[in-house]
Amino acid sequence: MQRFFLFLLLLSACTPGAKRYNFPVAVDTRTRPIEVQEKKNYVFTNAGVTFDNLFAGARLSNVRQVNDSLFTVLIKPENEPVNMSPWYAFRVLAAKDRMVTLRLTYPEKYSHRYFPKTSPDRRNWSTLDSSAVIVGEAGTTADLKLTLSAGTELFVAGQEVIN
């Protein structure tokens with residue numbers, strides 16, 4: 001009986017009344033066109049690196065190789081307007097152990113907000129070390145320095161992918 005009253009006390013303390021938030025300018029995006037991303041592998045044979053967005057919850061618009069270790073990753077929102085920081089999630093795989101830098105880029109009016117998380121399996125996530133992330137001055141880019149292990153998948157996302 002004492003546990004029941006303790007439970008009720010805890011329950012009442014943890015459920016404050018929810019407050020309604022009225023957005024200053026409500027925007028209904030249901031009628032806006034959706035930019036469907038092309039699900040594909042981005043293979044860079046000479047660098048031995050592959051990227052893809054072939055899993056549920058992935059968001060990756062394009063990848064371009066700049067040099068042997070720098071790749072530009074384009075992140076675009078699925079529709080507009082959205083908050084000013086589009087979602088990203090993708091997989092990267094290397095043929096041999098190596099270091100790479102991924103430069104996340106966003107269309108002009110958007111910026112980087114989500115601090116990167118990484119996972120080998122989409123179940124166990126960790127925040128990328130802050131020394132491995134450099135956000136550009138305007139906030140429209142973020143460089144991620146990653147250590148890739150041969151033949152091991154690495155998932156990179158703005159938040160843990162739960163699907």
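Values in this document were obtained by computation on a predicted structure and should not be read as measured data.
For the atom pair OG1 (Thr118) and CG (Leu146), the distance works out to 7.5 Å, reported to the nearest 0.5 Å. In this structure, the separation between OG1 on Thr50 and OH on Tyr42 is 12.5 Å, given to the nearest 0.5 Å. Distance check, rounded to the nearest 0.5 Å: OG1 of Thr141 to CG of Leu102 gives 12.5 Å. Thr105 OG1 to Arg64 CZ: the interatomic distance, rounded to the nearest 0.5 Å, is 8.0 Å. How far CG of Asp97 is from OG1 of Thr152: 8.0 Å, rounded to the nearest 0.5 Å.
Proximity of a side-chain donor or acceptor of Gln37 to a complementary backbone N or O of Ala58 within less than 3.5 Å is detected. Checking side-chain atoms of Arg59 against main-chain N and O of Pro77 turns up a donor-acceptor pair under 3.5 Å. Looking only at distances, no side-chain donor or acceptor of Arg98 sits under 3.5 Å from a matching main-chain atom of Ala150. Put simply, the side chain of Asn53 never gets that close to the backbone of Ser61: no donor and acceptor are under 3.5 Å apart. Remark: the backbone N or O of Val43 is not paired with any side-chain donor or acceptor of Asn41 at under 3.5 angstrom. When atom types are taken as modelled, the side chain of Tyr88 and the backbone of Tyr114 share a donor-acceptor pair closer than 3.5 angstrom.
The two residues Thr140 and Glu108 make their nearest non-hydrogen contact at CG2-O, 3.9 Å. Counting all heavy atoms, side chain and backbone alike, Val161 lies closest to Trp125 at N-CZ2, 3.4 Å. Minimum interatomic distance between Phe115 and Ser130 (heavy atoms only, all atoms of both residues): CZ-CA, 3.7 Å. When all heavy atoms of Pro86 and Tyr110 are compared, the closest pair comes out as CD-CB, 3.7 Å. Nearest heavy atoms, Ala132 versus Leu128: CB-CG, 4.1 Å.
A salt bridge does not link Glu160 with Lys117: none of the charged nitrogens is closer than 4.0 Å to a carboxylate oxygen.
Judged as a ring-ring contact (aromatic ring centres under 6.0 Å, His included), the pairs with a partner in residues 140-163 (not counting sequence neighbours) are, in order, Phe55-Phe155.
Hydrophobic side-chain contacts under 4.5 Å tie Val66 into a cluster, directly or through other members, with Leu70.
Within a 6.0 Å radius of NZ in Lys96, other residues, nucleotides and ligands contribute 12 heavy atoms or fewer. More than 12 heavy atoms of other residues, nucleotides or ligands sit less than 6.0 Å from atom CZ of Arg122.
Phe51 and Phe90 have tilted rings, their planes meeting at an angle from 30° to 60° on a 0 to 90° scale.
The shortest distance between side-chain heavy atoms of Leu60 and Arg91 does not fall below 4.5 Å. Taking the side chain as every heavy atom from C-beta outward, Thr147 and Ser149 never approach each other to under 4.5 Å.
Residue Leu93 is not grouped with residue Leu104 when hydrophobic side chains (ILVMFWY) are merged at heavy-atom distances under 4.5 angstrom, including chains of intermediate members. Side-chain heavy atoms closer than 4.5 Å link hydrophobic residues (I, L, V, M, F, W, Y) into clusters, and following such links, even through other members, never connects Leu74 to Val63. Val133 and Val92 fall within the same hydrophobic cluster, where Ile, Leu, Val, Met, Phe, Trp and Tyr residues are linked whenever their side-chain heavy atoms come under 4.5 Å apart, directly or through other members.
Under the side chain to side chain donor-acceptor pair (under 3.5 Å) criterion, Gln159 pairs with no residue at all, not counting sequence neighbours.
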Does the pair Ile134 and Lys145 meet the rule for a side chain to side chain contact (heavy atoms under 4.5 Å, CB included), with working shown? CA-CA 9 Å; Ile134 299 170; Lys145 296 182 186 314; 4.3 Å; yes
Verdict with supporting geometry, Gln65 and Val49, side chain to side chain contact (heavy atoms under 4.5 Å, CB included): CA-CA 10 Å; Gln65 184 176 0; Val49 179; over 6 Å; no
